[in-house]
Amino acid sequence: MTQALRPVRGFNDILPPASVHWQRLENEAAAVLEQAGYGEIRLPVVESTDLFARSIGASSDIVEKEMYSFPDRQGHSLSLRPEATAGCVRAGITQGLFDGGQLRLWYRGPMFRHERPQKGRYRQFHQIGAEAFGMTGAGIEAELIALAARLWKRIGLNGVTLKINTLGSFEDRKRYRAALLDFLHRHEDSLDDDSRRRLGSNPLRILDSKVAATRELLENAPRIVDSLGSASAAHFDELRRQLDALGIAYVCDPFLVRGLDYYTGSVFEWVTDALGAQDAICSGGRYDGLVEELGGRRTPAAGWALGMERLVLLAESQAVFPAPSGPDAYLVALGEAPELRALALAEALRDRLPRLRLIVNADGGSLKAQMRRADKCGARFAIILGESELANGAVTVKPLLEKQEQLAVAQDVLADFLAQRIQAA
RNA sequence: GUGGACGUAGCUCAGCAGGUAGAGCCCCGGGUUGUGGCCUCGGUGGUCGUGGGUUCAAAUCCCAUCGUCCACCCCA
């Protein structure tokens, strides 16, 4: 393990076979989202720091101490995006996307937060997110939740539970915040240090404290539900009815809050107990005020983001992925003239059979060495091309996985031969 | 940012009352001059994370530092 050259802490290489799992999950997610009419938006990785301060919240932990911020050559402060909703909204405003009514978008890509690395938590991590704009009814939250549920189903994931809650309208939240603060101030001396610190900055976050004593105290704290105006309460009831109709199980968690300031109304989170402390794999909610807050026209919105690293980890732990299979064939060539013929033959085969997975031996080697390589990569057939085959216009095809005799196949019917065998597999 | 555990070959790990490195797997080659997997024989590969200290002598002891993992924290 060389010391001199290392990746930056918290920044990881993703190699096969893990990268194959990533591809599979990304493809499934893309399919699920595209099927429901979400279009992919590709956003910059860098935005002005100001954007995140105004959306996520200047006093949030993310903005306060986790962003990769740096001045550009003109002295403007830029930041690597810690999440993508802000950028998505910024793009929507600057590109005029919110002037056309309803809009469904999804994105994927790396995000950056300077946290202490841990299992399921890295400084560069990847999210797939879905955002829906211009819809006020609870139906869009139900749709978003159903999309995530569909994705879990498609990849065969079990053991994720959905938690939902509502933060209420802006006014509800303000009223609740006051009630909660009042309660917490009265019990300030029994709060832990972190929670006491949050009294001044983000009191709602105290609700998901892990400190036992604090949790106990919170049992008697005022609940958001009791501060809800009739419209908010009706909206939340509607969401629950829709989830019931969809057959999606959930638990109402009055302590579920979000770390980002822009959320209002419904919030939700999919959690697992298989990932240790980093248990949230997908979460989101409604953020009706954000577009206007950033200078756009008043536009209701909701969305979620899932953490790819966590999803991959969870899926791998549940053995959701099929065992990797080797290529269909490995082309063995012996000597200079057969090697030249092999190059052309491989091209012809790939033209004829676009789905054929074929490795051509490189760097020569004895027949034994080449056969070993063919075996090692898990190829189904070794296709041998030596001087004698060359003279006959044929190849020798040897099955490597099944106990069958090898046989001579004419080069001009090799593609048909392989097509048949591969389809049969 | 805080606390704890741990860093020895590409991988998994042994060696740690201090005497200057080992195994298994992998990889390469021979046994079979054109036939893989099994077997067998041989071979490549490590400044023992890094820097300092103690000592005649340090992978083994001490300090620092970097990294990994776990928890706090944060959150996807």
Side-chain angles (χ1 to χ4, degrees), chain A residues 1-12 15 56 60-67 82-85 108-129 148 160 192-195 197-198 202 205 208-211 256-260 267-272 275-284 303-314 326 330 332-335 338 361 363 365-390 396-403 405-406:
Chain A
M1 213 175 301
T2 340
Q3 167 76 13
L5 202 55
R6 263 184 180 164
V8 175
R9 181 143 133 107
F11 290 68
N12 302 124
L15 316 170
I56 299 170
S60 66
D61 291 279
I62 293 176
V63 171
E64 233 171 32
K65 48 197 187 198
E66 293 178 358
M67 285 212 295
E83 59 102 52
T85 298
R108 61 178 138 188
M111 310 294 160
F112 306 86
R113 292 181 201 171
H114 191 106
E115 300 180 273
R116 182 96 159 231
Q118 201 175 312
K119 190 182 208 65
R121 185 175 81 182
Y122 309 100
R123 290 181 174 178
Q124 175 177 328
F125 62 103
H126 299 76
Q127 290 187 332
I128 293 178
V160 288
D192 60 279
D193 292 346
D194 275 321
S195 294
R197 177 176 57 79
R198 287 208 181 97
N202 196 347
R205 281 304 313 281
D208 65 357
S209 167
K210 284 180 184 169
V211 179
L256 178 66
V257 292
R258 313 273 59 226
L260 287 63
V267 292
F268 49 86
E269 187 166 285
W270 299 86
V271 296
T272 170
L275 253 38
Q278 307 305 316
D279 62 353
I281 65 170
C282 175
S283 69
W304 52 245
L306 66 82
M308 277 299 293
E309 281 80 358
R310 293 178 188 181
L311 186 60
V312 170
L313 244 30
L314 186 60
Y330 187 100
V332 168
L334 299 159
N361 183 72
D363 270 11
S366 66
L367 176 61
K368 179 174 180 160
Q370 295 193 41
M371 288 300 289
R372 255 206 294 264
R373 290 173 197 149
D375 179 60
K376 188 186 146 206
C377 73
R380 184 140 174 252
F381 298 105
I383 300 172
I384 302 167
L385 182 55
E387 294 292 353
S388 60
E389 284 88 352
L390 191 62
T396 298
V397 177
K398 175 166 182 172
L400 297 178
L401 301 183
E402 299 110 51
K403 262 215 159 78
E405 289 302 302
Q406 65 185 35

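Every chain is numbered from 1 and lettered A, B, ... according to where its sequence line falls, protein lines coming before strand lines. We use all heavy atoms of the structure for the numbers below, so side chains are in, but hydrogens, waters and symmetry mates are not. All values derive from a computational prediction rather than experimental measurement.
With a 3.5 Å ceiling on both atom-pair distances, B:C16 lacks any Watson-Crick or G-U wobble partner. Judged by Watson-Crick or G-U wobble contacts below 3.5 Å, the nucleotide B:C38 has no partner. In this entry B:C26 has no Watson-Crick or G-U wobble partner, no candidate having both defining distances under 3.5 Å. In this structure, B:A71 and B:U2 make a Watson-Crick or G-U wobble pair, each of the two defining distances being under 3.5 angstrom. With a 3.5 Å ceiling on both atom-pair distances, B:C48 lacks any Watson-Crick or G-U wobble partner.
No hydrogens or angles were tested; on distance alone, a donor-acceptor pair under 3.5 Å links the side chain of A:Arg121 to the base of B:C73. Counting distance only, with no hydrogens placed and no angle test, the side-chain atoms of A:Arg116 and the base atoms of B:U2 include a donor-acceptor pair under 3.5 Å. No hydrogens or angles were tested; on distance alone, a donor-acceptor pair under 3.5 Å links the side chain of A:Ser388 to the base of B:G34. A donor-acceptor contact under 3.5 angstrom links the side-chain atoms of A:Glu389 to the base of B:G34. The base of B:U35 is not paired with the side chain of A:Gln370 by any donor and acceptor separated by under 3.5 Å.
Nucleotides of RNA chain B nearest to A:Gly10 and A:Ala280 differ in position, and the one nearer the 5' end is that of A:Gly10. Heavy-atom distances to RNA chain B give each of A:His126 and A:Leu401 a nearest nucleotide, and the one nearer the 5′ end belongs to A:Leu401.
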Exercise for review: Given side-chain contact (heavy atoms from CB on, under 4.5 Å), test A:Leu334 with A:Glu387 step by step and report yes or no.
Suggested key: CA-CA 7 Å; A:Leu334 299 159; A:Glu387 294 292 353; over 6 Å; no

Practice item. Applying side-chain contact (heavy atoms from CB on, under 4.5 Å), run through A:Arg121 and A:Glu309 and close with a yes or a no. Key: CA-CA 8 Å; A:Arg121 185 175 81 182; A:Glu309 281 80 358; over 6 Å; no

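By the ring pair (Phe, Tyr, Trp, His ring centres under 6.0 Å) test, A:Trp270 pairs with A:Trp152, sequence neighbours left out.
Picking from B:G36, B:G34, B:A76 the nucleotide with the shortest atom distance to the side chain of A:Leu367 gives B:G34. Among the nucleotides B:G31, B:C70, B:G29, the one closest to any side-chain atom of A:Ala369 is B:G29.
Taking side-chain N and O atoms only, A:Lys398 has no distance below 4.0 Å to OP1 or OP2 of B:U35. Contact annotation: A:Lys210 side-chain N/O to B:C72 OP1/OP2 distance is under 4.0 Å.
A:Glu269 comes within contact range of no nucleotide atom at all, as no heavy-atom separation falls under 4.0 Å.
Taking CD1 of A:Ile384 as the reference point, atom CE of A:Met371 lies at 4.5 Å (rounded to 0.5 Å).
Base orientation of B:A21: anti (glycosidic angle beyond 90° from 0).
Between the CG atom of A:Leu334 and the C1' atom of B:U35 there is a distance of 9 Å, rounded to whole Å. As rounded to whole Å, 19 Å separates atom P of B:A71 from atom CG of A:Asp192. Atoms CG (A:Asn12) and P (B:U68) sit 8 Å apart, rounded to a whole Å.
Look at A:Asp375 and A:Arg372 and you find no salt bridge, because none of the NZ, NE, NH1 or NH2 atoms lies under 4.0 Å from a carboxylate O.
Using modelled atom types, one finds a donor on one side chain and an acceptor on the other under 3.5 Å when comparing A:Glu389 with A:Thr396.
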